[in-house]
Each structure stands twice: as structure tokens, then as C-alpha cells.
Amino acid sequence: MRTLIAGNWKMNGSRAMLAELDRIAEAASAYSDVDVAIAPPFTLLGEAQPHAGRVWIGGQDCHRAAQGAHTGCISAGMLVEMGARFVICGHSERRAEFGETDPLIRAKAEAAQAAGLIAIVCIGEDEHERDEGRAVEVVACELDGSVPPASTPENLVVSYEPAWAIGTGRIPTFDQICEIHSMIRAKLIQLFGEAGVRIRILYGGSVNAGNAASILACPHVNGALIGGASLTADQFVPIVEIAANVSQ
Ligand code: PGA
């Protein structure tokens with residue numbers, strides 16, 4: 001399975017940051033065994049495309065509807081028109097800040113897939129749930145509720161992102177990541193049969209060049225979703241290099 005290293009710029013970035021994308025694209029062309037993706041803010045999507053080379057460009061969110069009276073929202077089809085290959089659905093910041101629920105996230109992922117995009121569906125427990133020993137149960141429940149039942153390995157990526165590890169510099173132990181990723185793999189096989197073996201499962205939360213090798217070595221970790229360390233080529237490119245070495 002090809003490793004996917006995806007960056008999420010969140011609400012960061014101006015036109016000047018496209019220079020970082022140029023350097024990321026240059027590195028991506030040198031490591032063609034790894035899939036590389038960047039989700040810039042919506043406002044940069046169209047302009048990012050000519051800088052992207054073989055880097056996939058994608059959205060950070062989309063609406064569940066194809067069009068209509070939804071002020072401030074962006075549809076999956078609009079992302080496609082801007083050259084997007086994927087969209088992130090149900091990031092924990094969307095769940096926490098905008099009250100997004102599993103059924104809404106599933107509907108968004110379905111809309112994305114119907115428009116021809118890869119849906120990167122995010123699931124993960126918060127700190128309280130981890131402390132109560134409910135991480136496996138919570139992640140399993142989010143997977144059941146937010147992954148579209150008609151998904152394929154070509155249009156679905158699942159990303160395990162414990163909310164307490166996002167932007168904090170704290171990461172789960174190797175064993176904790178293995179436990180959750182093995183459970184996700186087993187559930188994907190239960191849901192999709194043989195195809196479940198081929199659906200990529202990313203880890204997200206404080207990934208950087210210092211910890212990427214050990215995280216990517218965990219069984220059933222097929223890549224990473226990266227926030228802070230995707231904002232500069234200096235931090236992001238070494239992670240792509242590490243992924244290229246791991247996938248050899
Ligand atoms: P971080 O963000 O790498 O800054 O922790 C990860 C994410 O939000 O996916």
C-alpha cells in the first residue's frame with residue numbers, strides 16, 4: 001500500500017506560502033513512491049494548483065449538499081472545479097468548534113465521494129475519553145457512524161487523530177497507536193471485506209520529523225495527517241523523505 005503524507009494548513013497561509021508548496025512539490029517529485037497531499041485554505045486552492053506538481057491539493061471541509069442556499073459554505077463539486085483530489089471530513093476541530101456529528105460527517109464524505117473526491121474521514125477520542133479508558137470504544141463508534149458504507153479503497157482514507165495530541169506536542173505511545181490502528185483495520189475488514197485491507201489508515205497529531213519514523217513503523221499506519229509541521233517545506237519535506245524510506 002502506498003504511504004500517504006498529507007498536510008493540513010488549517011486557517012493559515014497567504015499567497016506567499018505558495019513558495020513552500022513549490023518546495024514540497026519538488027521533493028514529492030523526488031519521492032514518487034509516496035503520495036503527498038496538501039489542504040490549503042479554500043482561498044488558495046485555485047492558485048495552489050499550478051504550484052502543486054504531483055502533490056494532491058484538497059479541501060479541509062465541504063458541505064453535504066451539492067449546491068443551494070448555504071451561506072459561507074463550499075460544495076465538493078466546487079473543490080473539484082478548483083483541482084482538488086480529496087477533502088478532509090470531520091476533523092476534530094470541526095467536531096469541537098462547529099458541533100459536527102458522525103451522521104453529518106458521513107453525509108459530507110458521501111457528497112465528496114459522489115463528486116469524485118477521496119474523503120479523508122477523521123476519528124479520534126478526546127483526553128477525557130482516553131483517561132476513562134474508552135478510546136477504543138469511542139473511535140470504533142465514530143468509525144461506524146461517519147464512514148460511508150459504499151466506500152472503496154480508492155475513495156476513502158481514515159485518519160486516527162486523538163484530539164489531545166493535536167497541536168500539543170504529545171503523542172500516544174507506539175502500543176496505543178497499534179491498538180487503535182489494529183482495531184480500525186479489523187473493523188474496515190468487517191465492513192468492506194477484502195477491500196478493507198487496502199483502505200489507508202493515517203495517524204494524525206503532533207507528527208514531526210523527529211517522531212515520524214517510529215509512528216510510520218506501527219502496523220496498519222499507512223501515512224500521516226500533519227498540521228503544524230506541514231506549514232513549511234523545511235519541516236514537511238523530511239517527513240516525506242522518512243516515509244519514502246519506511247515504504248521501501
Ligand atoms: P498537528 O495537527 O500536526 O498540528 O498536531 C494534526 C491535525 O490536526 O491533523
Side-chain angles (χ1 to χ4, degrees), residues 1-8 24 28 31-39 54-60 62 76 84-92 105-106 108-110 112-113 116-124 139-140 142-144 146-162 165-166 171-172 174 177-205 207 211-227 229-230 236 239-248:
M1 188 158 7
R2 289 171 65 83
T3 303
L4 171 61
I5 302 297
N8 173 8
I24 292 168
Y31 298 105
S32 54
D33 288 345
V34 179
D35 289 329
V36 182
I38 292 285
R54 58 171 292 274
V55 175
W56 302 351
I57 292 299
Q60 299 172 13
C62 67
R85 288 274 305 269
F86 72 95
V87 62
I88 299 168
C89 300
H91 188 280
S92 64
I105 293 159
R106 171 181 278 168
K108 289 182 174 204
E110 281 171 340
Q113 292 171 339
L117 293 171
I118 298 165
I120 301 183
V121 175
C122 301
I123 52 181
V139 176
E142 288 187 356
L143 179 68
D144 280 334
S146 51
V147 163
S151 299
T152 69
E154 287 71 42
N155 67 17
L156 175 71
V157 171
V158 173
S159 192
Y160 167 55
E161 308 214 319
I166 293 179
I171 55 166
F174 184 86
I177 296 177
C178 289
E179 180 185 36
I180 300 278
H181 277 248
S182 303
M183 177 276 288
I184 294 173
R185 176 65 69 212
K187 282 194 79 73
L188 290 174
I189 292 170
Q190 213 176 47
L191 289 168
F192 300 108
E194 183 277 331
V197 176
R198 294 183 292 116
I199 294 171
R200 286 188 273 203
I201 311 171
L202 310 184
Y203 167 79
V207 177
N211 58 29
S214 53
I215 291 170
L216 292 172
C218 295
H220 307 297
V221 173
N222 312 118
L225 183 54
I226 298 157
S230 72
F236 192 67
I239 302 173
V240 175
E241 275 171 27
I242 289 163
N245 291 332
V246 169
S247 64
Q248 264 169 10

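Because the structure is predicted, anything quoted here is derived from the model rather than measured. Positions are given from 1, in the same order as the sequence printed here. Hydrogens, waters and symmetry mates play no part in the numbers below; they use all other heavy atoms, side chains included.
Applying the side-chain hydrogen bond (donor to acceptor under 3.5 Å, both in side chains) test to E241 and every residue at least two apart in sequence or in another chain returns nothing. Applying the ring-ring contact (aromatic ring centres under 6.0 Å, His included) criterion to Y203, with sequence neighbours excluded, gives no partner residue.
Between the CD1 atom of I177 and the CD1 atom of I171 there is a distance of 5.5 Å, given to the nearest 0.5 Å. Here I166 contributes atom CD1 and C122 contributes atom SG; the two are 7.5 Å apart, rounded to the nearest 0.5 Å. The NZ atom of K108 sits 6.5 Å away from atom SG of C62, with the distance rounded to the nearest 0.5 Å. Note: I38 CD1 to I5 CD1 = 10.5 Å, rounded to the nearest 0.5 Å. Of the inter-residue distances, the one linking I184 atom CD1 with E142 atom CD reads 10.0 Å to the nearest 0.5 angstrom. We find the OG1-CG distance between T3 and L216 to be 6.5 Å, quoted to the nearest 0.5 Å.
Of all non-hydrogen atoms in G7 and S230, the two that sit nearest each other are CA-CB, 3.5 Å. The two atoms that bring F192 and P149 nearest to each other are CE2-O, 3.3 Å, heavy atoms only. A224 approaches L202 most closely through the heavy-atom pair N-CD2, 3.9 Å. Summarising the geometry of D144 relative to R106, their closest heavy-atom pair is O-NH2, 2.6 Å, with the distance given to 0.1 Å. Here the closest heavy-atom approach between residue L117 and residue A84 is recorded as CD2-O, 3.3 Å. Looking at every heavy atom in both residues, A112 comes nearest to A76 through CA-CB, 3.7 Å.
Judged by distance alone, with hydrogens and angles left aside, the side-chain atoms of Q113 form a donor-acceptor pair with the main-chain N or O of N155 at under 3.5 Å. Checked by atom type and distance alone, the side chain of R85 never pairs as donor or acceptor with a backbone atom of I57 at under 3.5 Å. A donor-acceptor contact shorter than 3.5 Å links the side chain of R185 to the backbone of I199.
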- Message: Walk me through whether Q60 and H91 qualify under side-chain contact (heavy atoms from CB on, under 4.5 Å).
- Response: CA-CA 8 Å; Q60 299 172 13; H91 188 280; over 6 Å; no
- Task: Evaluate the criterion side-chain contact (heavy atoms from CB on, under 4.5 Å) for residue pair M183 and E179; output intermediate values, then yes/no.
- Result: CA-CA 6 Å; M183 177 276 288; E179 180 185 36; 6.0 Å; no
- Message: Test side-chain contact (heavy atoms from CB on, under 4.5 Å) on V157 and F86; report intermediate values, then the result.
- Response: CA-CA 9 Å; V157 171; F86 72 95; over 6 Å; no
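Every pair passing salt bridge (charged side-chain N to carboxylate O under 4.0 Å, His left out) that includes a residue from residues 146-161 is listed here, sequence neighbours excluded: E154-R198.
Proximity of F236 to V36: side-chain heavy atoms (C-beta onward) are separated by under 4.5 Å at one or more points. Using a 4.5 Å heavy-atom threshold, the side chains of I88 and L225 count as touching.
Across H181, R2, R200, a single residue satisfies side chain to side chain contact (heavy atoms under 4.5 Å, CB included) together with N222, and that is R200.
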